[in-house]
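Below: one structure, written as structure tokens.
Keep in mind it's a predicted model, so treat the numbers as computed, not measured.
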Amino acid sequence: MKQEEAIQEEELQREAAKAEAEQEQQEPEAETAKEQEAEEEAPEGSKEPKEQKEKSEKSFLGKKKKKKDPREEKIEELEDRVKRQMAEFDNFRKRTEKEKSHMYEVGARDVIEKILPVVDNFERGLSAVPEEERANPVIEGMDKIYKQLMTVLTDLGVAPIEAAGQEFDPNLHNAVMHIEDEELGENIIAEEFQKGYTYKESVIRHSMVKVAN
């Protein structure tokens with residue numbers, strides 16, 4: 001009997017120890033559940049998510065004006081000044097080139113106008129030489145010099161104006177005489193007294209002509 005009572009007492013002690021251990025394990029779980037319930041019951045306005053808070057702070061900072069660094073302002077000012085000076089220099093270069101080109105043309109016209117009477121004298125002299133004397137070395141030399149002079153003028157942009165047999169054009173011709181000729185049409189040039197020339201498509205000397213009818 002005593003042995004059976006000892007065994008029963010020992011089993012009761014084991015069951016009490018087991019129950020006490022289970023109770024200790026259940027207490028932390030109950031506290032955690034209570035905390036979760038408290039968070040769920042808390043009003044929505046009383047809590048603010050972390051991301052929303054960070055976004056709010058960032059939005060507030062974004063509205064704040066960032067003050068420019070004085071060095072950056074100075075750099076922008078110098079860059080603007082350099083751009084303006086480059087534009088002014090480019091305009092000055094273009095204007096200078098245009099003026100130089102105009103001055104060159106004015107100077108060239110002045111020289112060509114002084115050379116044209118020399119060309120006229122060559123033509124008059126060669127036209128007055130009889131055909132049988134064309135083989136004379138002096139005449140041949142004059143003819144070569146005349147052709148060389150005309151080649152130089154052509155390279156410079158000088159060209160003779162067509163006159164005889166052409167219709168009279170006041171922009172190109174200067175009529176100094178009129179004749180009645182039934183064989184020629186109205187305002188047709190009958191004869192050229194002095195040859196005219198153009199320089200780069202502008203008249204440098206008008207042709208002196210006789211116009212029919």
(message) Check this for me, if you would: do Glu79 and Lys83 make a salt bridge, where the nitrogen-to-carboxylate-oxygen distance has to be below 4.0 angstrom?
(response)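 Salt bridge between Glu79 and Lys83, a charged N being under 4.0 Å from a carboxylate O: no.
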What about [X] and [Y], same hydrophobic cluster or not, with Ile/Leu/Val/Met/Phe/Trp/Tyr joined at side-chain heavy-atom distances under 4.5 Å?
X	Y	answer
Val111	Val118	yes
Val106	Tyr197	no
Tyr199	Leu116	yes
Leu172	Ile188	no

Can you confirm whether [X] is buried at [atom1], in the sense that more than 12 heavy atoms of other residues, nucleotides or ligands lie under 6.0 Å from that atom?
X	atom1	value
Glu186	CD	no
Glu201	CD	no
Arg84	CZ	no

(request) Could you please spell out the steps behind the side-chain contact (heavy atoms from CB on, under 4.5 Å) verdict for Asp120 and Arg205? (result) CA-CA 12 Å; Asp120 295 338; Arg205 189 177 78 178; 2.8 Å; yes
(message) Give me the atom names and distance for the closest heavy-atom approach of Glu140 to Ala135.
(response)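 Minimum heavy-atom contact is OE2-O, 3.4 Å.
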Between atom [atom1] of [X] and atom [atom2] of [Y], what is the distance when rounded to the nearest 0.5 Å?
X	Y	atom1	atom2	value
Ile75	Asp80	CD1	CG	14.0 Å
Ile115	Ile204	CD1	CD1	9.5 Å
Glu105	Met103	CD	CE	12.0 Å
Tyr146	Leu126	OH	CG	7.5 Å
Thr198	Lys200	OG1	NZ	12.0 Å
Asp169	Asn174	CG	CG	12.0 Å

(message) Can you list everything that forms a side chain to side chain donor-acceptor pair (under 3.5 Å) with Arg109? Sequence neighbours excluded, please.
(response)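 Arg109 satisfies side chain to side chain donor-acceptor pair (under 3.5 Å) with Ser202 once adjacent residues are dropped.
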List the atom pairs, donor and acceptor, that lie under 3.5 Å between side-chain atoms in residues 148-168 and the rest of the protein, sequence neighbours left out.
from, atom 1, to, atom 2, distance (Å)
Thr151, OG1, Lys147, O, 2.9
Thr154, OG1, Met150, O, 2.8

(message) Taking side chain to side chain contact (heavy atoms under 4.5 Å, CB included) as the definition, give me every residue that meets it alongside Glu191, ordered by chain and number, with sequence neighbours left out.
(response)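 Result, side chain to side chain contact (heavy atoms under 4.5 Å, CB included) vs Glu191: Phe193, Lys210.
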(request) For His206 and Gly196, indicate whether the former's side chain and the latter's backbone hold a donor-acceptor pair under 3.5 Å. (result)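 Pair absent, no side-chain N/O of His206 close to backbone of Gly196.
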(request) Take Arg134 and Glu131, measure what side-chain contact (heavy atoms from CB on, under 4.5 Å) needs, and give me the verdict at the end. (result) CA-CA 5 Å; Arg134 293 278 179 178; Glu131 189 66 31; 4.0 Å; yes
(request) Taking the side chain as every heavy atom from C-beta outward, state whether Asp90 and Met86 have any pair of such atoms under 4.5 Å apart. (result)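 Side-chain contact under 4.5 Å: no.
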(message) Any non-hydrogen side-chain atom of Gln85 less than 4.5 Å from a side-chain atom of Arg81?
(response)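 A side-chain contact under 4.5 Å exists here.
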(request) Could you walk me through whether Asp143 and Val129 pass side-chain contact (heavy atoms from CB on, under 4.5 Å), step by step? (result) CA-CA 11 Å; Asp143 186 55; Val129 176; over 6 Å; no
